[in-house]
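Contents: one structure, followed by commentary.
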Protein chains: 2
Amino acid sequence: MSPRRPSKKPKKPNKPAQARPQRTRRDLSRDKLIAVALDLLDRKGPAALTMRAVADAVEVTPMALYNHFSSKRDLLAAVADHVISAAEFDGGHADWREQLRHCFQTLRGLCLRHPGLPGLLEREGAAPVSVFAPMEVTLRALGDAGLDEIDSTRTYFLLISFTLGQAAYQARGAIEGLEPSKQIRAERIAGRGYRVTERLDLPARWDFDASFAFGLSLIVAGVEAMASKR
Amino acid sequence: MSPRRPSKKPKKPNKPAQARPQRTRRDLSRDKLIAVALDLLDRKGPAALTMRAVADAVEVTPMALYNHFSSKRDLLAAVADHVISAAEFDGGHADWREQLRHCFQTLRGLCLRHPGLPGLLEREGAAPVSVFAPMEVTLRALGDAGLDEIDSTRTYFLLISFTLGQAAYQARGAIEGLEPSKQIRAERIAGRGYRVTERLDLPARWDFDASFAFGLSLIVAGVEAMASKR
DNA sequence: ACCTGAACACCGTTCAAGT
DNA sequence: ACCTGAACACCGTTCAAGT
(Lines give C-alpha, C1' and ligand atoms only; values in the text may rest on other atoms or scores of the structure.)
Protein backbone atom coordinates (compact mmCIF):
# COMPACT_ATOMS: atom_id res chain seq x y z
CA MET A 1 0.00 0.00 0.00
CA SER A 2 2.52 2.61 1.13
CA PRO A 3 4.64 3.64 -1.88
CA ARG A 4 7.99 3.18 -0.20
CA ARG A 5 8.84 0.39 2.14
CA PRO A 6 10.87 0.91 5.31
CA SER A 7 14.53 0.66 4.43
CA LYS A 8 15.25 -2.87 5.63
CA LYS A 9 15.53 -2.03 9.36
CA PRO A 10 19.20 -0.99 9.81
CA LYS A 11 19.69 -2.64 13.18
CA LYS A 12 23.13 -3.73 14.32
CA PRO A 13 25.02 -0.89 12.58
CA ASN A 14 28.31 -2.20 13.91
CA LYS A 15 28.14 -5.02 11.41
CA PRO A 16 29.97 -4.06 8.18
CA ALA A 17 27.38 -3.04 5.61
CA GLN A 18 28.71 -5.07 2.72
CA ALA A 19 26.41 -5.12 -0.26
CA ARG A 20 24.10 -8.13 -0.12
CA PRO A 21 21.84 -8.29 -3.14
CA GLN A 22 20.78 -11.81 -2.11
CA ARG A 23 18.50 -10.39 0.58
CA THR A 24 16.66 -8.35 -1.96
CA ARG A 25 16.51 -11.14 -4.48
CA ARG A 26 15.14 -13.46 -1.85
CA ASP A 27 12.26 -11.12 -1.06
CA LEU A 28 11.68 -10.53 -4.73
CA SER A 29 11.36 -14.20 -5.47
CA ARG A 30 9.00 -14.65 -2.53
CA ASP A 31 6.81 -11.87 -3.87
CA LYS A 32 7.14 -13.29 -7.34
CA LEU A 33 5.98 -16.71 -6.17
CA ILE A 34 3.02 -15.20 -4.34
CA ALA A 35 2.03 -13.28 -7.46
CA VAL A 36 2.29 -16.38 -9.61
CA ALA A 37 0.27 -18.46 -7.15
CA LEU A 38 -2.45 -15.80 -6.96
CA ASP A 39 -2.59 -15.55 -10.73
CA LEU A 40 -2.95 -19.31 -10.98
CA LEU A 41 -5.72 -19.28 -8.37
CA ASP A 42 -7.60 -16.47 -10.09
CA ARG A 43 -7.31 -17.81 -13.60
CA LYS A 44 -7.51 -21.57 -13.15
CA GLY A 45 -9.01 -22.18 -9.75
CA PRO A 46 -7.81 -23.79 -6.53
CA ALA A 47 -7.31 -27.26 -8.03
CA ALA A 48 -4.74 -25.86 -10.46
CA LEU A 49 -2.76 -24.16 -7.72
CA THR A 50 -0.15 -26.85 -7.11
CA MET A 51 3.45 -26.53 -6.08
CA ARG A 52 4.48 -28.04 -9.38
CA ALA A 53 2.42 -25.54 -11.37
CA VAL A 54 3.91 -22.60 -9.48
CA ALA A 55 7.38 -24.00 -10.01
CA ASP A 56 6.73 -24.50 -13.71
CA ALA A 57 5.54 -20.91 -14.10
CA VAL A 58 8.85 -19.56 -12.82
CA GLU A 59 10.80 -22.31 -14.59
CA VAL A 60 12.24 -23.96 -11.58
CA THR A 61 12.13 -27.33 -9.83
CA PRO A 62 9.19 -27.84 -7.41
CA MET A 63 11.62 -28.31 -4.56
CA ALA A 64 13.07 -24.84 -5.08
CA LEU A 65 9.87 -23.40 -3.63
CA TYR A 66 10.68 -24.90 -0.27
CA ASN A 67 13.52 -22.44 0.11
CA HIS A 68 10.93 -19.69 0.34
CA PHE A 69 7.91 -21.39 1.91
CA SER A 70 7.99 -24.18 4.43
CA SER A 71 4.91 -25.85 2.94
CA LYS A 72 2.08 -25.35 0.52
CA ARG A 73 -0.06 -24.11 3.38
CA ASP A 74 2.55 -21.51 4.16
CA LEU A 75 2.43 -20.33 0.57
CA LEU A 76 -1.37 -20.19 0.62
CA ALA A 77 -1.35 -18.14 3.81
CA ALA A 78 1.12 -15.74 2.21
CA VAL A 79 -1.17 -15.38 -0.81
CA ALA A 80 -4.15 -14.63 1.42
CA ASP A 81 -2.09 -12.19 3.44
CA HIS A 82 -0.94 -10.41 0.30
CA VAL A 83 -4.52 -9.91 -0.90
CA ILE A 84 -5.92 -8.81 2.45
CA SER A 85 -3.13 -6.45 3.44
CA ALA A 86 -3.59 -4.54 0.21
CA ALA A 87 -7.11 -3.50 1.24
CA GLU A 88 -8.29 -0.70 3.50
CA PHE A 89 -11.18 -1.89 5.63
CA ASP A 90 -11.48 1.34 7.56
CA GLY A 91 -13.56 3.78 5.55
CA GLY A 92 -13.13 6.51 8.15
CA HIS A 93 -16.87 7.08 8.45
CA ALA A 94 -18.32 8.54 11.62
CA ASP A 95 -21.45 6.40 11.41
CA TRP A 96 -20.95 2.79 12.47
CA ARG A 97 -23.43 1.59 9.83
CA GLU A 98 -21.35 3.08 7.06
CA GLN A 99 -18.17 1.70 8.59
CA LEU A 100 -19.66 -1.78 8.65
CA ARG A 101 -20.85 -1.56 5.08
CA HIS A 102 -17.52 -0.28 3.86
CA CYS A 103 -15.63 -2.98 5.70
CA PHE A 104 -17.59 -5.93 4.38
CA GLN A 105 -18.19 -4.55 0.95
CA THR A 106 -14.41 -4.22 0.70
CA LEU A 107 -13.97 -7.82 1.82
CA ARG A 108 -16.60 -8.94 -0.64
CA GLY A 109 -14.83 -7.00 -3.38
CA LEU A 110 -11.63 -8.90 -2.66
CA CYS A 111 -13.50 -12.20 -2.81
CA LEU A 112 -15.06 -11.36 -6.16
CA ARG A 113 -11.75 -10.30 -7.65
CA HIS A 114 -10.10 -13.43 -6.24
CA PRO A 115 -12.73 -16.18 -6.17
CA GLY A 116 -10.34 -18.52 -4.40
CA LEU A 117 -9.98 -16.24 -1.40
CA PRO A 118 -12.91 -17.54 0.69
CA GLY A 119 -11.55 -21.04 0.28
CA LEU A 120 -8.13 -19.87 1.42
CA LEU A 121 -9.57 -18.24 4.53
CA GLU A 122 -12.07 -20.96 5.37
CA ARG A 123 -9.89 -23.91 4.51
CA GLU A 124 -7.34 -25.33 6.86
CA GLY A 125 -5.70 -22.49 8.67
CA ALA A 126 -4.41 -20.57 5.70
CA ALA A 127 -5.79 -17.49 7.46
CA PRO A 128 -3.04 -14.91 7.98
CA VAL A 129 -2.73 -12.33 10.74
CA SER A 130 -4.14 -9.68 8.45
CA VAL A 131 -7.65 -11.12 8.89
CA PHE A 132 -7.69 -9.20 12.15
CA ALA A 133 -7.88 -5.93 10.21
CA PRO A 134 -11.59 -6.23 9.36
CA MET A 135 -12.18 -7.59 12.87
CA GLU A 136 -10.70 -4.45 14.39
CA VAL A 137 -12.88 -2.15 12.28
CA THR A 138 -15.97 -4.21 13.04
CA LEU A 139 -15.46 -4.31 16.78
CA ARG A 140 -14.98 -0.56 16.91
CA ALA A 141 -18.13 0.05 14.84
CA LEU A 142 -20.23 -2.32 16.91
CA GLY A 143 -18.93 -0.75 20.10
CA ASP A 144 -20.19 2.57 18.76
CA ALA A 145 -23.51 0.88 18.02
CA GLY A 146 -23.81 -0.02 21.68
CA LEU A 147 -22.93 -3.72 21.74
CA ASP A 148 -20.59 -5.11 24.37
CA GLU A 149 -17.41 -7.00 23.52
CA ILE A 150 -18.94 -10.46 23.48
CA ASP A 151 -21.94 -9.54 21.35
CA SER A 152 -19.67 -7.55 19.03
CA THR A 153 -17.46 -10.57 18.53
CA ARG A 154 -20.49 -12.76 17.90
CA THR A 155 -21.78 -10.30 15.34
CA TYR A 156 -18.38 -10.15 13.70
CA PHE A 157 -18.50 -13.91 13.16
CA LEU A 158 -21.97 -13.57 11.71
CA LEU A 159 -20.82 -10.88 9.29
CA ILE A 160 -17.75 -12.74 8.14
CA SER A 161 -19.56 -16.06 7.68
CA PHE A 162 -22.20 -14.28 5.67
CA THR A 163 -19.74 -12.40 3.48
CA LEU A 164 -17.42 -15.32 2.77
CA GLY A 165 -20.31 -17.76 2.37
CA GLN A 166 -22.10 -15.57 -0.18
CA ALA A 167 -18.95 -14.94 -2.15
CA ALA A 168 -18.00 -18.62 -2.18
CA TYR A 169 -21.49 -19.57 -3.26
CA GLN A 170 -21.42 -17.00 -6.03
CA ALA A 171 -18.03 -18.16 -7.27
CA ARG A 172 -19.14 -21.78 -7.19
CA GLY A 173 -22.43 -20.97 -8.85
CA ALA A 174 -20.76 -19.13 -11.68
CA ILE A 175 -18.58 -22.13 -12.32
CA GLU A 176 -20.94 -24.99 -11.64
CA GLY A 177 -24.35 -23.58 -12.51
CA LEU A 178 -25.80 -23.94 -9.05
CA GLU A 179 -27.68 -20.66 -8.91
CA PRO A 180 -31.19 -20.93 -7.58
CA SER A 181 -32.71 -20.23 -10.96
CA LYS A 182 -36.02 -21.67 -12.00
CA GLN A 183 -34.88 -24.43 -14.33
CA ILE A 184 -32.20 -25.70 -11.96
CA ARG A 185 -34.66 -26.11 -9.17
CA ALA A 186 -37.35 -27.46 -11.43
CA GLU A 187 -35.30 -30.39 -12.61
CA ARG A 188 -33.84 -31.26 -9.24
CA ILE A 189 -36.91 -30.80 -7.11
CA ALA A 190 -39.79 -32.23 -9.11
CA GLY A 191 -42.30 -34.21 -7.05
CA ARG A 192 -40.64 -33.98 -3.69
CA GLY A 193 -43.25 -31.97 -1.90
CA TYR A 194 -41.30 -28.72 -1.73
CA ARG A 195 -44.36 -26.69 -2.53
CA VAL A 196 -43.04 -23.20 -1.88
CA THR A 197 -39.57 -23.80 -3.24
CA GLU A 198 -40.99 -25.41 -6.35
CA ARG A 199 -43.24 -22.48 -7.15
CA LEU A 200 -40.58 -19.92 -6.33
CA ASP A 201 -40.40 -17.33 -9.08
CA LEU A 202 -36.93 -15.85 -9.07
CA PRO A 203 -35.27 -13.79 -11.79
CA ALA A 204 -33.25 -15.84 -14.25
CA ARG A 205 -30.03 -14.20 -13.10
CA TRP A 206 -29.77 -13.90 -9.38
CA ASP A 207 -28.57 -10.44 -8.31
CA PHE A 208 -25.85 -11.31 -5.83
CA ASP A 209 -24.95 -7.69 -5.14
CA ALA A 210 -28.50 -6.82 -4.17
CA SER A 211 -28.73 -9.99 -2.12
CA PHE A 212 -25.59 -9.08 -0.23
CA ALA A 213 -26.75 -5.51 0.34
CA PHE A 214 -30.05 -6.81 1.69
CA GLY A 215 -28.27 -9.16 4.07
CA LEU A 216 -26.09 -6.32 5.35
CA SER A 217 -29.11 -4.09 5.92
CA LEU A 218 -30.89 -6.88 7.74
CA ILE A 219 -27.89 -7.39 10.01
CA VAL A 220 -27.59 -3.67 10.66
CA ALA A 221 -31.27 -3.56 11.62
CA GLY A 222 -30.69 -6.58 13.85
CA VAL A 223 -27.76 -4.87 15.55
CA GLU A 224 -29.92 -1.82 16.24
CA ALA A 225 -32.59 -4.04 17.77
CA MET A 226 -30.13 -5.96 19.94
CA ALA A 227 -28.43 -2.76 21.09
CA SER A 228 -31.68 -1.05 22.06
CA LYS A 229 -32.73 -4.19 23.96
CA ARG A 230 -29.67 -4.29 26.27
CA MET B 1 -36.15 -41.58 10.45
CA SER B 2 -39.46 -43.40 9.78
CA PRO B 3 -39.26 -46.93 11.24
CA ARG B 4 -40.42 -48.78 8.15
CA ARG B 5 -39.51 -47.87 4.64
CA PRO B 6 -41.99 -47.99 1.72
CA SER B 7 -41.93 -51.49 0.26
CA LYS B 8 -39.81 -50.97 -2.84
CA LYS B 9 -42.57 -49.37 -4.95
CA PRO B 10 -44.35 -52.32 -6.65
CA LYS B 11 -44.88 -50.63 -10.01
CA LYS B 12 -45.27 -52.64 -13.20
CA PRO B 13 -46.97 -55.66 -11.66
CA ASN B 14 -47.25 -57.30 -15.08
CA LYS B 15 -43.57 -58.05 -15.06
CA PRO B 16 -42.86 -61.49 -13.57
CA ALA B 17 -41.74 -61.02 -10.00
CA GLN B 18 -38.83 -63.38 -10.07
CA ALA B 19 -36.68 -63.13 -6.97
CA ARG B 20 -33.82 -60.72 -7.50
CA PRO B 21 -31.67 -60.47 -4.41
CA GLN B 22 -29.10 -58.51 -6.45
CA ARG B 23 -31.32 -55.43 -6.26
CA THR B 24 -31.37 -55.61 -2.50
CA ARG B 25 -27.71 -56.44 -2.19
CA ARG B 26 -26.81 -53.60 -4.48
CA ASP B 27 -28.71 -51.11 -2.36
CA LEU B 28 -27.27 -52.64 0.75
CA SER B 29 -23.71 -52.23 -0.43
CA ARG B 30 -24.42 -48.67 -1.50
CA ASP B 31 -25.76 -47.93 1.96
CA LYS B 32 -22.83 -49.77 3.48
CA LEU B 33 -20.34 -47.67 1.52
CA ILE B 34 -22.11 -44.46 2.51
CA ALA B 35 -22.00 -45.51 6.16
CA VAL B 36 -18.31 -46.36 5.96
CA ALA B 37 -17.50 -43.08 4.23
CA LEU B 38 -19.44 -41.09 6.82
CA ASP B 39 -17.72 -42.93 9.64
CA LEU B 40 -14.34 -42.17 8.10
CA LEU B 41 -15.27 -38.52 7.70
CA ASP B 42 -16.50 -38.23 11.29
CA ARG B 43 -13.62 -40.05 12.90
CA LYS B 44 -10.63 -39.08 10.78
CA GLY B 45 -11.63 -35.97 8.87
CA PRO B 46 -12.06 -35.10 5.21
CA ALA B 47 -8.44 -35.77 4.24
CA ALA B 48 -8.79 -39.39 5.34
CA LEU B 49 -11.91 -39.93 3.28
CA THR B 50 -10.33 -41.42 0.16
CA MET B 51 -11.68 -43.98 -2.24
CA ARG B 52 -8.88 -46.31 -1.22
CA ALA B 53 -9.69 -45.97 2.48
CA VAL B 54 -13.37 -46.71 1.90
CA ALA B 55 -12.44 -49.71 -0.21
CA ASP B 56 -10.04 -50.96 2.44
CA ALA B 57 -12.70 -50.69 5.13
CA VAL B 58 -15.00 -53.05 3.23
CA GLU B 59 -12.06 -55.18 2.06
CA VAL B 60 -12.42 -54.59 -1.60
CA THR B 61 -10.42 -53.11 -4.46
CA PRO B 62 -10.78 -49.32 -4.90
CA MET B 63 -12.18 -49.84 -8.34
CA ALA B 64 -15.09 -51.87 -6.97
CA LEU B 65 -16.57 -48.62 -5.61
CA TYR B 66 -17.13 -47.36 -9.12
CA ASN B 67 -19.83 -49.97 -9.57
CA HIS B 68 -21.88 -48.06 -7.02
CA PHE B 69 -20.77 -44.45 -7.44
CA SER B 70 -19.70 -42.82 -10.64
CA SER B 71 -17.05 -40.72 -8.90
CA LYS B 72 -15.82 -39.64 -5.51
CA ARG B 73 -17.99 -36.55 -5.79
CA ASP B 74 -21.00 -38.76 -6.35
CA LEU B 75 -20.17 -40.68 -3.18
CA LEU B 76 -19.73 -37.46 -1.21
CA ALA B 77 -23.09 -36.17 -2.41
CA ALA B 78 -24.69 -39.44 -1.33
CA VAL B 79 -23.11 -39.10 2.11
CA ALA B 80 -24.43 -35.55 2.47
CA ASP B 81 -27.83 -36.64 1.26
CA HIS B 82 -27.93 -39.48 3.75
CA VAL B 83 -27.20 -37.17 6.66
CA ILE B 84 -29.61 -34.44 5.61
CA SER B 85 -32.55 -36.65 4.70
CA ALA B 86 -32.46 -38.21 8.15
CA ALA B 87 -33.32 -34.88 9.78
CA GLU B 88 -36.66 -33.17 10.22
CA PHE B 89 -36.31 -29.46 9.61
CA ASP B 90 -39.99 -28.73 10.06
CA GLY B 91 -40.70 -28.36 13.78
CA GLY B 92 -44.40 -27.86 13.16
CA HIS B 93 -44.48 -24.61 15.13
CA ALA B 94 -47.10 -21.99 14.42
CA ASP B 95 -44.71 -19.10 15.09
CA TRP B 96 -42.27 -18.43 12.25
CA ARG B 97 -39.55 -17.48 14.74
CA GLU B 98 -39.70 -20.90 16.35
CA GLN B 99 -39.80 -22.60 12.97
CA LEU B 100 -36.67 -20.76 11.90
CA ARG B 101 -34.85 -21.61 15.10
CA HIS B 102 -35.80 -25.25 14.90
CA CYS B 103 -34.74 -25.49 11.28
CA PHE B 104 -31.27 -24.04 11.70
CA GLN B 105 -30.60 -25.51 15.09
CA THR B 106 -31.33 -28.86 13.50
CA LEU B 107 -28.92 -28.12 10.67
CA ARG B 108 -26.33 -26.96 13.15
CA GLY B 109 -26.81 -30.15 15.13
CA LEU B 110 -26.07 -32.20 12.03
CA CYS B 111 -22.92 -30.19 11.42
CA LEU B 112 -21.69 -30.70 14.96
CA ARG B 113 -22.33 -34.43 14.84
CA HIS B 114 -20.65 -34.61 11.43
CA PRO B 115 -17.95 -31.93 11.33
CA GLY B 116 -17.22 -32.70 7.69
CA LEU B 117 -20.75 -31.82 6.58
CA PRO B 118 -20.27 -28.07 5.96
CA GLY B 119 -17.28 -28.90 3.79
CA LEU B 120 -19.37 -31.38 1.84
CA LEU B 121 -22.13 -28.83 1.24
CA GLU B 122 -19.87 -25.87 0.55
CA ARG B 123 -17.26 -27.70 -1.47
CA GLU B 124 -17.63 -28.40 -5.13
CA GLY B 125 -21.21 -29.33 -5.77
CA ALA B 126 -21.55 -32.24 -3.38
CA ALA B 127 -24.84 -30.62 -2.33
CA PRO B 128 -27.69 -33.10 -2.78
CA VAL B 129 -31.34 -32.37 -3.55
CA SER B 130 -32.21 -32.77 0.10
CA VAL B 131 -30.69 -29.35 0.87
CA PHE B 132 -33.96 -27.95 -0.39
CA ALA B 133 -35.72 -29.29 2.70
CA PRO B 134 -34.47 -26.53 5.04
CA MET B 135 -35.01 -24.04 2.22
CA GLU B 136 -38.67 -25.01 2.00
CA VAL B 137 -39.22 -24.60 5.75
CA THR B 138 -37.38 -21.27 5.75
CA LEU B 139 -39.29 -19.79 2.83
CA ARG B 140 -42.60 -20.71 4.43
CA ALA B 141 -41.59 -19.20 7.77
CA LEU B 142 -40.32 -15.99 6.20
CA GLY B 143 -43.49 -15.72 4.14
CA ASP B 144 -45.41 -15.83 7.40
CA ALA B 145 -43.09 -13.16 8.74
CA GLY B 146 -44.14 -10.89 5.90
CA LEU B 147 -41.19 -11.03 3.52
CA ASP B 148 -41.71 -11.45 -0.20
CA GLU B 149 -40.16 -14.29 -2.19
CA ILE B 150 -37.00 -12.48 -3.14
CA ASP B 151 -36.21 -11.17 0.32
CA SER B 152 -37.06 -14.57 1.79
CA THR B 153 -34.58 -16.24 -0.53
CA ARG B 154 -31.95 -13.66 0.34
CA THR B 155 -32.53 -14.25 4.03
CA TYR B 156 -32.33 -17.99 3.50
CA PHE B 157 -28.85 -17.58 2.03
CA LEU B 158 -27.88 -15.42 4.97
CA LEU B 159 -29.10 -18.05 7.42
CA ILE B 160 -27.40 -20.94 5.69
CA SER B 161 -24.09 -19.13 5.26
CA PHE B 162 -24.15 -18.19 8.92
CA THR B 163 -25.00 -21.68 10.14
CA LEU B 164 -22.52 -23.55 7.96
CA GLY B 165 -19.82 -20.94 8.47
CA GLN B 166 -20.08 -21.05 12.26
CA ALA B 167 -20.10 -24.83 12.34
CA ALA B 168 -17.12 -25.07 10.00
CA TYR B 169 -15.21 -22.53 12.07
CA GLN B 170 -15.99 -24.40 15.24
CA ALA B 171 -14.92 -27.73 13.77
CA ARG B 172 -11.70 -26.19 12.43
CA GLY B 173 -11.01 -24.37 15.68
CA ALA B 174 -11.39 -27.49 17.73
CA ILE B 175 -8.87 -29.23 15.53
CA GLU B 176 -6.43 -26.45 14.82
CA GLY B 177 -6.65 -24.23 17.88
CA LEU B 178 -7.93 -21.19 16.03
CA GLU B 179 -10.50 -20.06 18.59
CA PRO B 180 -10.41 -16.36 19.31
CA SER B 181 -9.03 -16.89 22.79
CA LYS B 182 -6.81 -14.38 24.44
CA GLN B 183 -3.45 -16.09 24.10
CA ILE B 184 -3.97 -16.98 20.46
CA ARG B 185 -4.67 -13.40 19.54
CA ALA B 186 -2.00 -12.04 21.80
CA GLU B 187 0.78 -13.92 20.09
CA ARG B 188 -0.42 -13.33 16.56
CA ILE B 189 -1.42 -9.71 16.87
CA ALA B 190 1.23 -8.07 19.00
CA GLY B 191 2.24 -4.61 17.84
CA ARG B 192 0.10 -4.36 14.75
CA GLY B 193 -2.10 -1.51 15.87
CA TYR B 194 -5.25 -3.57 16.40
CA ARG B 195 -6.10 -1.69 19.57
CA VAL B 196 -9.58 -3.01 20.23
CA THR B 197 -8.91 -6.56 19.10
CA GLU B 198 -5.74 -6.69 21.15
CA ARG B 199 -7.46 -5.67 24.37
CA LEU B 200 -10.45 -7.88 23.73
CA ASP B 201 -11.28 -9.83 26.86
CA LEU B 202 -13.07 -13.00 25.83
CA PRO B 203 -13.68 -16.11 27.92
CA ALA B 204 -11.00 -18.76 27.57
CA ARG B 205 -13.47 -21.15 25.96
CA TRP B 206 -15.67 -19.51 23.39
CA ASP B 207 -19.33 -20.52 23.80
CA PHE B 208 -20.25 -21.43 20.25
CA ASP B 209 -23.82 -22.40 21.16
CA ALA B 210 -24.51 -19.02 22.76
CA SER B 211 -22.82 -17.30 19.83
CA PHE B 212 -25.04 -19.14 17.39
CA ALA B 213 -28.19 -18.42 19.40
CA PHE B 214 -27.27 -14.74 19.47
CA GLY B 215 -26.77 -14.67 15.72
CA LEU B 216 -30.14 -16.30 15.16
CA SER B 217 -31.86 -13.79 17.45
CA LEU B 218 -30.16 -10.94 15.66
CA ILE B 219 -31.33 -12.24 12.30
CA VAL B 220 -34.87 -12.74 13.60
CA ALA B 221 -34.88 -9.15 14.87
CA GLY B 222 -33.56 -8.05 11.49
CA VAL B 223 -36.33 -9.92 9.69
CA GLU B 224 -38.92 -8.21 11.85
CA ALA B 225 -37.42 -4.83 11.04
CA MET B 226 -37.27 -5.52 7.30
CA ALA B 227 -40.84 -6.88 7.27
CA SER B 228 -42.29 -3.90 9.11
CA LYS B 229 -40.43 -1.58 6.74
CA ARG B 230 -41.93 -3.15 3.57
C1' DA C 1 -23.71 -57.63 -12.31
C1' DC C 2 -19.90 -57.14 -9.90
C1' DC C 3 -14.94 -57.33 -8.94
C1' DT C 4 -9.66 -57.46 -9.82
C1' DG C 5 -4.88 -55.90 -11.28
C1' DA C 6 -2.04 -53.15 -13.56
C1' DA C 7 -1.31 -48.83 -15.02
C1' DC C 8 -1.64 -43.56 -15.80
C1' DA C 9 -1.16 -39.04 -14.62
C1' DC C 10 -1.05 -36.69 -11.01
C1' DC C 11 -0.10 -34.85 -5.72
C1' DG C 12 3.10 -32.78 -1.44
C1' DT C 13 7.27 -33.61 0.47
C1' DT C 14 12.04 -35.92 2.11
C1' DC C 15 16.65 -36.64 1.31
C1' DA C 16 21.18 -36.39 -0.53
C1' DA C 17 23.79 -33.96 -3.56
C1' DG C 18 25.42 -30.19 -6.09
C1' DT C 19 27.11 -24.76 -6.55
C1' DA D 1 22.05 -19.41 0.13
C1' DC D 2 19.80 -21.48 -3.22
C1' DC D 3 18.70 -25.13 -6.57
C1' DT D 4 18.45 -30.05 -8.71
C1' DG D 5 17.16 -35.08 -9.31
C1' DA D 6 15.55 -39.07 -7.74
C1' DA D 7 12.51 -41.08 -4.88
C1' DC D 8 8.51 -42.00 -1.51
C1' DA D 9 3.96 -42.49 -0.26
C1' DC D 10 0.12 -41.13 -1.65
C1' DC D 11 -4.26 -39.53 -4.87
C1' DG D 12 -8.68 -40.36 -8.41
C1' DT D 13 -9.57 -42.78 -12.30
C1' DT D 14 -9.12 -45.63 -17.05
C1' DC D 15 -8.83 -49.82 -19.17
C1' DA D 16 -8.85 -54.63 -20.09
C1' DA D 17 -9.79 -58.76 -18.08
C1' DG D 18 -11.95 -61.98 -15.25
C1' DT D 19 -16.54 -64.47 -12.99
Side-chain angles (χ1 to χ4, degrees), chain A residues 8 15-34 36-37 40-41 44-80 116 119-120 123-126 176, chain B residues 8 15-34 36-37 40-41 44-80 116 119-120 123-126 176:
Chain A
K8 225 37 125 180
K15 203 183 173 190
Q18 52 196 10
R20 28 177 181 171
Q22 301 93 328
R23 195 73 154 96
T24 303
R25 274 217 305 157
R26 206 195 126 101
D27 288 2
L28 273 186
S29 62
R30 234 187 105 96
D31 290 352
K32 173 71 181 166
L33 292 175
I34 291 172
V36 164
L40 227 38
L41 185 63
K44 308 204 180 166
L49 175 39
T50 69
M51 296 301 265
R52 284 170 158 90
V54 173
D56 276 358
V58 294
E59 289 181 312
V60 101
T61 277
M63 280 315 298
L65 306 188
Y66 289 84
N67 288 307
H68 306 277
F69 301 95
S70 64
S71 64
K72 184 182 182 182
R73 206 171 106 169
D74 189 27
L75 168 59
L76 294 183
V79 169
L120 248 39
R123 221 93 82 221
E124 33 253 330
E176 303 252 356
Chain B
K8 224 35 125 181
K15 202 182 176 190
Q18 52 195 13
R20 29 178 179 169
Q22 300 93 329
R23 196 72 155 95
T24 304
R25 274 214 308 156
R26 205 195 127 99
D27 288 1
L28 273 185
S29 61
R30 234 186 104 97
D31 288 352
K32 173 70 180 167
L33 292 175
I34 291 172
V36 164
L40 227 36
L41 185 63
K44 309 205 179 167
L49 175 41
T50 68
M51 295 302 265
R52 284 170 158 90
V54 172
D56 277 357
V58 296
E59 290 180 311
V60 102
T61 276
M63 279 316 297
L65 306 188
Y66 289 86
N67 288 307
H68 305 277
F69 301 96
S70 65
S71 65
K72 184 181 183 184
R73 205 171 107 169
D74 188 25
L75 168 59
L76 294 183
V79 170
L120 248 41
R123 223 94 79 224
E124 33 252 329
E176 304 250 356

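Each chain gets a letter, A, B and so on, in the order the sequences are listed, and its residues count up from 1.
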Worksheet entry | Donor-acceptor pair, side chain of B/Arg52 and main chain of B/Pro62, under 3.5 angstrom | no
Worksheet item: When you measure from the side chain of A/Lys32 to the backbone N and O of A/Val58, does any donor-acceptor pair fall under 3.5 Å?
Response: no
Worksheet entry | Presence of A/His68 side-chain N/O under 4.0 Å of D/dC3 phosphate oxygens OP1/OP2 | yes
Discussion item. I need the minimum non-hydrogen distance between B/Pro46 and B/Leu41, along with the two atoms involved.
Written reply: CA-CD1, 3.5 Å
Polar pairs (N or O, both sides) under 3.5 Å between protein and nucleotides 10-14 of chain D?
residue	atom	partner	partner atom	Å
D/dG12	OP1	B/Met51	N	3.4
D/dG12	OP1	B/Lys72	NZ	3.0
D/dG12	OP2	B/Met51	N	3.2
D/dG12	N7	B/Arg52	NH1	2.5
D/dG12	O6	B/Arg52	NH2	3.3
D/dT13	OP2	B/Tyr66	OH	2.6
D/dT13	OP2	B/Lys72	N	2.9
D/dT13	O5'	B/Tyr66	OH	3.4

Response to the item:
Here the helical stems involving DNA chain D, each at least 3 consecutive Watson-Crick or G-U pairs closer than 3.5 Å, sorted by first residue number, are C:4-8 with D:12-16, C:12-16 with D:4-8
Discussion item. Rounded to whole Å, please give me the gap between CG in A/Leu65 and P in D/dG5.
Written reply: 14 Å
Worksheet item: Residues in side chain to side chain contact (heavy atoms under 4.5 Å, CB included) with A/Ser71, at least two apart?
Response: A/Arg73, A/Asp74
Worksheet entry | Spatial distance of atom OG1 (B/Thr50) from atom NZ (B/Lys72) [nearest 0.5 Å] | 6.5 Å
Discussion item. If I take atom CG in residue A/Asn67 and atom C1' in nucleotide D/dC2, what distance separates them, rounded to the nearest angstrom?
Written reply: 5 Å
Practice prompt. Write down the atom of A/Leu40, the atom of A/Ala53, and the distance for their closest heavy-atom approach.
Written response: CD2-CB, 3.6 Å
Worksheet item: A/Met51 and A/Leu75: which non-hydrogen atoms are nearest, and at how many Å?
Response: SD-CD2, 4.0 Å
Item to complete: Measure from CZ on B/Arg30 to P on C/dA1 and round the result to the nearest Å.
Response: 16 Å
Practice prompt. Whole angstrom is fine here: how far is it from CD in B/Glu59 over to P in C/dG5?
Written response: 14 Å
Practice prompt. State whether the side chain of A/Thr61 and the backbone N or O of A/Ala64 hold a donor-acceptor pair below 3.5 Å, judged by distance alone.
Written response: no
